[in-house]
Number of protein chains: 2
Amino acid sequence: MAEALTGEAILAATEEVLRRYGPAKATVVDVAKALGVSHGSVYRHFPTKAALREAVTRRWLDAIHVEMESVLDAGASAADNLRAWLQHLFDRKRLSHVDEPELFATFKVLVSESRIIPEYHLGHLVGQIARIISAGVETREFVTDDIQRTAQAVWDATQMFHHPAHAQEWGNPHIQDEFDAVVSLVVAGLRYNRIPSATGDA
Amino acid sequence: MAEALTGEAILAATEEVLRRYGPAKATVVDVAKALGVSHGSVYRHFPTKAALREAVTRRWLDAIHVEMESVLDAGASAADNLRAWLQHLFDRKRLSHVDEPELFATFKVLVSESRIIPEYHLGHLVGQIARIISAGVETREFVTDDIQRTAQAVWDATQMFHHPAHAQEWGNPHIQDEFDAVVSLVVAGLRYNRIPSATGDA
DNA sequence: GGACTGACAGATATTGAAATCTGTCAGCTG
DNA sequence: CAGCTGACAGATTTCAATATCTGTCAGTCC
């Protein structure tokens, strides 16, 4: 009856079930029930429960990637762009964590379930940082001889403000000040950074 | 019989029991059994199980603090000192995690049980970073107008290499390279950092 | 005959009764 | 009488029986 069962409809229903019951309680049977079909039908579109969850997660992360794209070159200088981009990512994650802690926890679990998904997410975002740095190097605002490595270093140095393991600290009233201090330190480093391998020399 | 039951003997026995059974299984009864006394006697020296665990944890952290003190001013420049200090902390945690994963996990649980203990540990180590930076500012090697804030920023930027939540990444073969990149970026930032509040200007 | 169902086997999760643990304290012991 | 014991109440954990879930597939229904 009704329309044909599509992968998209299953994804939407899965997201809704995850919102309602959380990652521990959401079952394939629940999803099928929400769609008014038997759970066998769901397995016609997704080979396993893990694949279904992964597809939902990827869809959610892609929305973030698209949103972050739009902040890539909003400012006048590369430093402004980098700061704005990091601030935007931080604000988004922090708001999500504060306003919808259960949903945030749900996606935290989903992301950690797969080995591919975090790689995908990280690779994408570090790539965006690399593009900002690359633009800064071209205008001689930044100095580095290995853009990819430096982008990874910027990502690593700001882990505290995007890695979910640190989410509990995002409620701290001083967190924005700590963010500013770290980003200032990193931006100052980008202006004069010469990483070759080990000994940094002035 | 034997010698009087001392707090120190109880701490040593507790540490042994934690090593043997892990934080989830170690009970006060086990500690008492290891000492050949009734568990009521243990409560004569420590008011609760939590206090006992906290005392063991503090003893363990103090050993780290003392060890790190000895790396504070080993090198020629402040940059060398900072790099060596961060490297030493990273090596110590990484080795502990790789060689004795169960013991590492045990102390990770113990530290996370208290709110005071992490504060104590963090405060101590950030204080040591502040001393290194302060020495660097005096020799004009580093530039900053707020040593404490900058020390916190250095700590935050290197979270990945000492926060236990990132321990699983310490096995990655590229981790030392990532460490070098982040430390180089941070050291470069310290040389030219002017944090006032937001806009870093060269 | 392509999409869906529902019954099934093995794996996983839930439940509640029994066992153990924490923290207290009156009393023993040297 | 200072320090330890061991029995106790309430809280927590364990364990095994029970229920539910995952993934498959032969069969049903447009």
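Protein chains get the first letters and strands the later ones, always in sequence-line order, with residue 1 at the start of each. Everything numeric here is computed off the predicted structure, so don't read it as measured data. Side-chain atoms are counted along with the backbone in the values below, which use heavy atoms only and exclude waters and symmetry mates.
There is no side-chain donor-acceptor pair under 3.5 Å between B:H163 and A:H163. No side-chain donor from either of B:R53 and B:T48 sits under 3.5 Å from a side-chain acceptor of the other.
B:D91 pairs with exactly one of B:H88, B:Q87, B:K93 by the side-chain hydrogen bond (donor to acceptor under 3.5 Å, both in side chains) rule, that one being B:Q87.
One can place CG of A:L35 at 11 Å from P of C:dC4, the figure rounded to the nearest angstrom. The distance between atom NE2 of A:H45 and atom P of D:dT24, rounded to the nearest whole Å, is 15 Å. B:K49 has its NZ atom 17 Å from the C1' atom of C:dT24, to the nearest Å. Distance, B:Y21 OH to C:dT20 P: 14 Å, rounded to whole Å. Atom pair A:L52:CG and D:dT22:C1' shows a separation of 12 Å (rounding to whole Å applied). A straight line from CZ of A:F46 to C1' of D:dT24 spans 18 Å, rounded to a whole angstrom.
Checking the phosphate oxygens (OP1, OP2) of D:dT5, a side-chain nitrogen or oxygen of B:S41 falls inside 4.0 Å. Between B:K25 and C:dC21 there is no side-chain polar atom (N or O) within less than 4.0 angstrom of OP1 or OP2.
Comparing C:dG23, D:dT5, C:dG6 against the side chain of B:Y43 picks out C:dG23 as the nearest. Set against C:dT22, D:dT22, D:dT5, the side chain of B:V37 has D:dT5 as its closest nucleotide. Of the candidates D:dG6, D:dT22, D:dG3, D:dG3 carries the atom nearest the B:R44 side chain, counting heavy atoms from C-beta on. Side chain of A:T27, nearest nucleotide from C:dG23, D:dG23, D:dC21: D:dC21.
Between B:R115 and B:E54 there is no salt bridge, since none of the side-chain N atoms of the basic residue sits less than 4.0 Å from a carboxylate O of the acidic one.
Counting distance only, with no hydrogens placed and no angle test, the side-chain atoms of B:H39 and the base atoms of D:dG6 include no donor-acceptor pair under 3.5 Å.
Contact annotation for B:V28: backbone-only contact, meaning every heavy-atom pair under 4.0 Å involves sugar-phosphate atoms and none involves a base.
In this structure, B:A50 and A:G40 both approach DNA chain C, and ranking their closest nucleotides by distance from the 5' end singles out A:G40.
With B:F142 as the aromatic partner, B:R191 does not meet the cation-pi criteria of under 6.0 angstrom to the ring centre and within 45 degrees of the ring axis.
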